[in-house]
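The structure under discussion appears below in the form of structure tokens.
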Amino acid sequence: QVQLVESGGGLVQAGGSLRLSCAASGRTFSIYAMGWLRQPPGKEREFVAAISWSSGNTYYADPVKGRFTISRDNAKNTVHLQMNSLKPEDTAVYYCAADPTSNRNVVHTGRYEYDYWGQGTQVTVSS
């Protein structure tokens with residue numbers, strides 16, 4: 001089992017940047033595929049970005065490609081989401097998620113593929 005705690009959310013103007021962090025504790029972090037998903041107000045939770053445990057593969061949802069960057073530091077048990085050029089439609093609760101896997105290159109894009117979730121951090125982008 002792994003515990004996940006997000007931080008770094010807040011209020012930012014359109015065009016600004018935020019960096020979300022997710023700290024993991026528990027079982028060996030390095031063998032988890034990690035992802036960020038978000039839930040906009042009144043909408044379903046949706047995929048944002050994913051990274052394999054080897055960091056060799058990353059994948060992004062189309063709306064954030066070129067603006068967001070996911071990264072991880074297995075030595076520090078952390079995963080980050082750098083968000084640039086933020087838009088009002090990026091407003092959502094952002095969740096860090098993890099899935100244990102023996103495949104060092106796998107990434108998950110579906111919400112149901114993740115076994116563990118953080119509590120979420122609010123990101124609000126004003127226009």
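A donor-acceptor contact under 3.5 angstrom links the side chains of H80 and S21, judged on distance only. Residues S25 and N77 bring no donor and acceptor atom of their side chains to less than 3.5 Å of each other. T124 and Q122 share a donor-acceptor pair across their side chains, judged by distance under 3.5 Å alone. Under the 3.5 Å distance criterion, with hydrogens and angles disregarded, no donor-acceptor pair is assigned to the side chains of S52 and N105.
For D99 (side chain) and M34 (main-chain N/O), no donor-acceptor pair under 3.5 Å exists by modelled atom type. Here the side chain of W36 pairs no donor or acceptor atom with the backbone of I70 at under 3.5 angstrom. Between the side chain of Q82 and the backbone N or O of R19, no donor-acceptor pair lies under 3.5 Å. Although no hydrogens or angles enter the test, the distance criterion places a donor-acceptor pair under 3.5 Å between the side chain of E6 and the main chain of Q119. A donor-acceptor contact shorter than 3.5 Å links the side chain of R67 to the backbone of S85.
With a 4.5 Å cut-off on side-chain heavy atoms, L18 and V125 do not count as touching. Contact check for L81 versus T69: no side-chain heavy atoms found under the 4.5 Å cut-off. Side-chain atoms of R38 and E46, non-hydrogen and from C-beta on, do get closer than 4.5 Å to each other. Looking only at side-chain heavy atoms (C-beta outward), L20 and S7 stay at 4.5 Å or farther from each other. Looking at heavy atoms from C-beta onward, I51 lies out of side-chain contact with Y59 at the 4.5 angstrom threshold. Looking at V2 and Y32, their side chains come closer than 4.5 Å, going by heavy atoms from C-beta outward.
No cation-pi contact links R111 to F47, judged by a cut-off of 6.0 Å to the six-membered ring centre and 45° from its axis.
Other residues, nucleotides and ligands contribute more than 12 heavy atoms inside 6.0 Å of the OH atom of Y116. The 12-atom threshold is not exceeded at NZ of K43, counting heavy atoms of other residues, nucleotides or ligands nearer than 6.0 Å.
Here the closest non-hydrogen pair linking S17 and N84 is OG-OD1, 2.9 Å. The minimum heavy-atom distance linking Y60 with A49 is given by the pair CD2-CB, 3.6 Å. The minimum heavy-atom distance linking G120 with V93 is given by the pair CA-CG1, 3.8 Å.
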- request: For D90 and K87, run salt bridge (Lys or Arg N to Asp or Glu O under 4.0 Å): C-alpha distance rounded to whole Å, both residues' side-chain angles, the deciding distance at 0.1 Å, then the answer.
  value: CA-CA 5 Å; D90 294 318; K87 304 175 181 180; over 6 Å; no
Note to self: What verdict does the side-chain contact (heavy atoms from CB on, under 4.5 Å) test give for V48 and F68, after you've listed the backbone C-alpha separation in whole Å, the side-chain angles of each residue and the deciding distance to 0.1 Å?
What the structure shows: CA-CA 9 Å; V48 175; F68 291 10; 3.7 Å; yes
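Rounding to the nearest 0.5 Å gives a distance of 10.5 Å between CG of D115 and OG1 of T101. With rounding to the nearest 0.5 angstrom, the CH2 atom of W117 is 8.5 Å from the OH atom of Y95. To the nearest 0.5 Å, atom NE2 of residue H108 and atom CG of residue L37 are 11.5 Å apart. How far OG1 of T91 is from CG of L86: 8.5 Å, rounded to the nearest 0.5 Å.
In the hydrophobic clustering of ILVMFWY residues, with side-chain heavy atoms under 4.5 Å counting as a link, V79 and V123 come out together.
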